[in-house]
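Scroll down for the structure; my scribbles are underneath it.
Sequence lines set the chain letters: A, B, ... in the order given, protein chains first and strands last, and positions in each chain run from 1.
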Amino acid sequence: NAGVTQTPKFRVLKTGQSMTLLCAQDMNHEYMYWYRQDPGMGLRLIHYSVGEGTTAKGEVPDGYNVSRLKKQNFLLGLESAAPSQTSVYFCASSYDGRNEQFFGPGTRLTVL
Amino acid sequence: AQSVTQLDSQVPVFEEAPVELRCNYSSSVSVYLFWYVQYPNQGLQLLLKYLSGSTLVESINGFEAEFNKSQTSFHLRKPSVHISDTAEYFCAVSRSGYSTLTFGKGTMLLVSP
């Protein structure tokens with residue numbers, strides 16, 4: 001099992017460009033999450049999904065959109081990137097939402 | 001809303017010394033508590049968790065944490081650290097019935113020879 005995978009691993013964008021981060025899990029988990037990690041801030045939840053076709057806002061959703069068209073995939077989109085979105089993005093999944101979350105390796109995004 | 005406070009941003013310690021990383025949370029309802037570890041340039045890995053039952057939980061690599069409801073704490077301890085324990089440690093809490101975690105800001109454990 002690959003667990004949770006994220007693509008790409010690194011990306012550099014110019015202000016105003018758009019991109020999509022892909023998260024995939026092969027554990028048949030219902031719950032999936034997108035976080036951003038910034039120095040001294042810990043992990044902050046951007047959006048999450050409790051099942052295929054559902055999404056919900058987390059703590060810092062502004063400037064991001066998500067989609068969960070297939071159970072195994074959770075996409076995070078930036079429509080118009082801003083330097084404040086420079087961060088490391090982590091995807092995670094969980095079987096039942098109250099138990100352990102499994103994390104991907106992260107995507108390091110720089111917006112110039 | 002719930003919050004998690006990790007009082008120390010960095011904890012320097014010598015190899016083979018004991019260590020305690022502190023975590024306090026605020027919630028008036030039942031909670032589940034977690035400690036995650038992040039090694040450099042990697043994702044987070046679960047270290048240990050408290051869901052119910054015994055208030056003392058242990059990991060396979062010698063860490064333990066004790067849930068203290070009256071003090072709303074879940075401090076992480078290890079009696080003798082190794083160089084390989086150098087990493088960032090995150091405390092996290094979820095409320096019973098909810099499906100999201102709230103993370104603390106992390107504590108960097110720096111183990112030197």
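Here Phe102(A) contributes atom CZ and Leu46(B) contributes atom CG; the two are 7.5 Å apart, rounded to the nearest 0.5 Å.
Side-chain heavy atoms closer than 4.5 Å link hydrophobic residues (I, L, V, M, F, W, Y) into clusters, and following such links, even through other members, never connects Leu21(A) to Leu112(A). If you chain together hydrophobic residues whose side chains sit under 4.5 Å apart, Leu78(A) and Met32(A) fall into the same group. The hydrophobic cluster containing Leu76(A) does not contain Leu44(B), counting ILVMFWY residues as joined when their side-chain heavy atoms lie under 4.5 angstrom apart, directly or transitively. Each of Leu109(B) and Phe103(B) belongs to its own hydrophobic cluster when Ile, Leu, Val, Met, Phe, Trp and Tyr are linked at side-chain heavy-atom distances under 4.5 angstrom. Tracing side-chain contacts under 4.5 Å through hydrophobic residues (I, L, V, M, F, W, Y), one never reaches Phe90(A) starting from Val60(A); they form parts of separate clusters.
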Show the pairs of one donor and one acceptor atom, one from chain A and one from chain B, lying under 3.5 Å apart.
residue, atom, partner, partner atom, Å
Tyr33(A), OH, Ser99(B), O, 2.5
Gln37(A), OE1, Gln38(B), NE2, 3.1
Gln37(A), NE2, Gln38(B), OE1, 2.9
Arg98(A), NH1, Tyr32(B), OH, 3.4
Asn99(A), OD1, Lys49(B), NZ, 2.6
Gln101(A), N, Tyr36(B), OH, 3.0
Gln101(A), O, Tyr36(B), OH, 3.4

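For a residue to count as touching a neighbouring chain, one of its non-hydrogen atoms must lie under 4.5 Å from one of that chain's; by this rule Leu51(B) touches chain A with the side chain only. Of the atoms belonging to Leu45(A), it is side-chain heavy atoms, and not backbone ones, that fall under 4.5 Å from chain B.
At most 12 non-hydrogen atoms from other residues, nucleotides or ligands lie less than 6.0 angstrom from CD1 of Ile60(B).
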Chi angles and distances behind the side chain to side chain contact (heavy atoms under 4.5 Å, CB included) call for Leu101(B), Leu43(A): CA-CA 10 Å; Leu101(B) 288 177; Leu43(A) 274 78; over 6 Å; no
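Annotation: maximal heavy-atom pairing with chain B below 4.5 Å, among Gly106(A), Gly104(A), Gly40(A), occurs at Gly40(A).
For Glu79(A), the side-chain hydrogen bond (donor to acceptor under 3.5 Å, both in side chains) partners two or more places apart in sequence, or in a different chain, are Asn65(A).
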